[in-house]
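What follows is one structure encoded as structure tokens, with my remarks underneath.
Hydrogens, waters and symmetry mates play no part in the numbers below; they use all other heavy atoms, side chains included. Naming convention: chains lettered A, B, ... in sequence-line order (proteins, then strands); numbering from 1 in each chain.
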Amino acid sequence: MTSVNRIRTHWLPLAAVVLTGCQGWGSGLRPLPAESVESLGTSLTLIVAELQMHLHDDTYRRPRAPADGGRNVFESALWMLDRLRDQRVRAGSEPENADLVIEFARGRALERLRRFEAAATAFKSAGQSGSVLEEPAQRAAEIMRLFLEHGPGASASSTTPGDELEALLQRSRKWQSLARRFRATPYEFLALEEAEAAELLRVDWLQRNRPLEDAIAACRALIERHHASKLYERHLIRLGDIYAAAARRVHLLASTRAHAFDGDRYERLLEQAFAAYELAGETRRPELRREAITRIEALLAYHEGTFAHAW
Amino acid sequence: MLGRQEEVIRVGVRLVVVAAVIGLMVLLFYGTARSQELAASDSPLGRLVSPVRPTAQERVAEARSWIREDRRRRLSATYRTLIRVGWQVAGHASPRRLLRSFGELGGHIRSWRWRSAAEDRALDLLEAELATGCEDPELRDLYAHLRDREQRERFERTLGEVEEAAVSGDLRLARRRLERARDLFPDSPRLEAVDLALKEQARQPATRVPATGSQPIRIDPQGSRAGALLLAAAYDALPAAAEASADARLAAAVASALAGQSSRARDQLEALAGSVGPAGRLARRWLDDPPPGLLADETSLASLSESGSADSAELSLRGIGRGLAGWLRPRQLLATLLPAPRYARERAALRGPARAPAPLPRPDSALRRRVRGWLGHSAGSEARADRVWDDARLQLPAARTHYSRVSPPAFLATRDALAAVLGPRLDSLPAELSEARTVLLSVVSDPEVRVLAATVPAPRALIDALARGVETGAVHAQGLPDGEILRGLRRLDAALEAGATLAVAAWQAPERGLLSALRKTGMSGDPTRFRDVKLRRRKRGVVVSQSWTGLPVECPAETYCLGRTRRFEGMVYSRIDLSADIRLGARTSFHRASLAFKIDRSGPRASVVLPFAAWLGLSRWLPAHARIDLGLDGISFEPRYASPL
């Protein structure tokens, strides 16, 4: 039997069987029912069910769960609840229990999106009724009020840059204490996210207003304190950016004759920048890996062209 | 017989004449070839440390020289590719290789007029002077010419982006890029054509995309009651009637899951999975990719695992099944496999500095998603991340990215090399250095670091002696052009002048066992050392060799290894390949010509390689050498294509 015939009679059917099996295996473990041409629209029950299912998600360590259409479930739920509310307003419907449910659900969605002021307003509206949601709404509104005390607008206006920096530090500490207070509840994750955001603002402030060494130290502290965060790789990329900016500054000072060229320091900073980017690139998330690789390539290109920018 | 003798004599005379001509060429042009290697333009880094600011004329000259050098480099690359194509055609190379070479040649020709990094550097160089208000006409003209080329390149690139955006349907982006192109060259006639094309495309009816959420949202009869109970976390109060609507049954399944009754929730979702509509869709999605809210409760499983052994075995199997189905996290799976007291310990151990974030869901097979979610919490990622944490402090590991170092490199010099450059002054070095086989020279710039190694009385004189040795050919580094070594020595000297300290220490290569060396070279392909013998992996075997150059076999990273240049350099080697063929040989070289003897299964063989192009200083333009082989089957002569030096 020639080799071509052997392929036809033996291997092709076997390959077909294997491929068909893989396709069946890969397409999931349950057959999909045929959908009707007009699919049913969503309902308030479904929106609330999906929202409630994700209310206990750890949004500090993991990204918010995606919904259909690319947005996360909370944004999607909020959008649909707003549409439903507008729909009822346009229809001139009488207020009823459904409106309380809509408001309370909006409050939960806003709370998960860290829009505490709007969430507090929504909970306050839902807590004025005599329904089963009254007590939970009042409790949630109270917590939102507590959260708002530590929010961005809560601190006293800063007159000096030192005050501003201190305010950011205090804000981060207060959120950390709130996270400890609400440990083992979904509010812990929100408080940790806020603490992380305050520290991130602090790093950004230091980057713009102080020597880069301070920003580097602050960024390292941010990574150490929030190493479990979903933004860990982003923080590493930021640390790499700061190191790279510091290395560029060394070169800039030398090229403008402001300082003698400190090759050791330049190389140390460059090495740390590459190390931070490489560490960030070990993530499984493809978009972050691409970003880290792009940063490395850009820094390499800058370094290779460094010598020509001497004057 | 007399005729045969005449033929032999004739061949002999020819050989002698050819050898004499070659020898004469070597004597005449060796200097040229040598100077080509030593001629290295000043490193731009040198300018970085130079205190003198150049004038406008110097900048123009420098910029022109960079552009000229770049043009020469492109020409030589094109020419080398042409030569390679010629060799391949003459040697009947495979069509794939030929096509690749032709493609390369076409690329060189096409890119001849393109801009290069040299023009960017020249622009920066001239801009720096223009920024001070320089009025030099030559500088301004050159700058205007380079700038015009840069603008044209940007214009072409921007028009390319306009086309890409238009093809992908993003007319807004296409318009923005078109405006950008108009800023660069407002009078270009091509802009009008592109503008018309974009307007035409905008007029075409867009593909109808069904608007998301265009249908009104229903408030089902049980909606507000079920929603209120869910939001108030009153899960037990939720009705679970089978005849309820799909939405209500989904709400009941959510309530079951959040109340800790995962099995019941799963059954309810299974029952819903077959229905049409958003409830069925959501149920199927949650079954395929369970959200965290659907994962089993730890308390209930821990209590289950404390029951009798027979039940435990059954629960363990169910636990494995559940784990594979993605309903359990690994720690819960572990709980079903281990007895309860151990489970508590293991649970505490697992709660470490976990770093692995859950992977984002991707549209592939459901099973793969589940396995990946399970593996997302595996110890692998944690172990990888743990190496950067030292007592909760972040320690960035050493970077793996290769880049050209700015700081002065270290140098390893053999005793013979030092003796060649220092002569009698070698005895003035400390005893441990003058007697060491290899000496390491490196720069220590931090004055607070204690220098444990010895220092020499006149470090700059030592560097100067090494540099002279490289220039005269007394010392060399294997595999590196002399120009690069001189650049390194210059950087070292500049660092010493700036106040750094030269640390000199006896150096010894780290000892490695034979198996370890074989493993290293087998896995990485890098040459390794076992005692004085070098091991290197080749395509089909391992080569074991010992050379007479005295250079260290394993040159450390970022280090230049210098050895004495010998008139004759040689090595003995043996090669063992995958077909159990063993070859023994010896090789010697003289001014890059080499003579080799080898014995293998096909018998003894001798070969001579004459790098005549390098001797004539033409290696950049004519990368070739002549090879003469003599074996039992006769004598052969052929020119060969060689990599440019």
Side-chain angles (χ1 to χ4, degrees), chain A residues 26 28-30 33 35-36 39-46 48-50 52-54 56-57 61-62 65 69 80 83-84 87 97-98 101 104-105 131-133 136 220 223-224 227-228 230 254 261 263-264 266-267 271-272 274-276 278-279 282 284-285 296 300 303 307-311, chain B residues 44-45 47-49 117 121 124-125 128 212-213 215-220 222-224 226-228 230-232 234 247-248 250-251 254 273-274 276-279 282 288 291-293 353-355 357-360 365-367 384 388 392-394 396-401 403 405-407 445:
Chain A
L29 298 184
R30 67 195 76 258
E35 299 259 355
S36 63
S39 58
L40 297 173
T42 191
S43 69
L44 177 61
T45 309
L46 282 182
V48 170
E50 191 174 10
Q52 189 71 13
M53 180 67 90
H54 289 283
H56 297 268
D57 288 359
R61 288 175 182 78
R62 291 183 180 80
M80 285 191 282
R83 271 190 56 220
L84 184 56
Q87 200 176 289
N97 285 342
V101 172
F104 192 94
S131 74
V132 65
L133 290 174
R220 290 183 84 106
I223 293 172
E224 284 160 7
H227 64 273
K230 62 183 181 291
F261 183 60
D264 282 341
Y266 173 79
E267 257 189 25
E271 175 96 11
Q272 295 281 285
F274 283 129
E278 285 163 12
L279 201 56
E282 288 181 3
R284 288 200 192 97
R285 292 165 66 176
I296 289 173
L300 260 179
H303 171 67
F307 301 154
H309 296 255
W311 297 323
Chain B
L45 180 60
R47 274 181 238 105
L48 197 60
V49 298
R121 282 163 46 203
D124 292 334
L125 186 64
T212 52
Q215 292 176 328
I217 301 174
R218 295 175 288 114
I219 296 183
D220 45 334
Q222 306 94 345
S224 47
L230 270 179
L231 290 169
D247 296 355
L250 186 83
V254 169
V276 170
L282 208 47
D288 287 345
R355 265 301 322 131
L360 294 178
S365 79
L367 180 64
R384 198 169 53 237
V388 308
R393 301 303 300 266
L394 176 67
L396 291 174
R400 294 187 299 272
T401 307
Y403 59 95
R405 300 286 165 164
V406 168
S407 54
S445 56

Heavy-atom proximity to chain B below 4.5 Å, by part of Leu300(A): side chain
With a 4.5 angstrom heavy-atom cut-off, which part of Ala276(A) approaches chain B: side chain, backbone, both or neither?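 Interface part for Ala276(A): both.
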Check whether Glu224(A) reaches the backbone of Leu394(B) with its side chain - one donor and one acceptor, N or O, closer than 3.5 Å.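 Such a contact is found between Glu224(A) side chain and Leu394(B) backbone.
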Yes or no on side-chain contact (heavy atoms from CB on, under 4.5 Å) for His303(A) and Tyr266(A), after CA distance, side-chain angles and deciding distance? CA-CA 10 Å; His303(A) 171 67; Tyr266(A) 173 79; 2.9 Å; yes
Nearest heavy-atom pair of Ala399(B) and Phe274(A): which atoms, and what distance?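 Answer, listing the atom of Ala399(B) first, then Phe274(A): CB-CB, 3.7 Å.
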Please walk me through it: do Lys230(A) and Arg61(A) pass side-chain contact (heavy atoms from CB on, under 4.5 Å)? CA-CA 5 Å; Lys230(A) 62 183 181 291; Arg61(A) 288 175 182 78; 5.8 Å; no
Side chain from CB out, backbone as N, CA, C, O: work out which of these in Ala117(B) comes under 4.5 Å of a heavy atom of chain A, or both, or neither. neither
Heavy-atom distance under 4.5 Å to chain A: side chain of Leu230(B), backbone, both or neither?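 Answer is both: backbone and side chain atoms of Leu230(B) are under 4.5 Å from chain A.
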Select, from His54(A), Glu267(A), Gln272(A), the one with the greatest count of heavy-atom pairs under 4.5 Å involving chain B. Glu267(A)
Chi angles and distances behind the side-chain contact (heavy atoms from CB on, under 4.5 Å) call for Leu396(B), Glu271(A): CA-CA 10 Å; Leu396(B) 291 174; Glu271(A) 175 96 11; over 6 Å; no
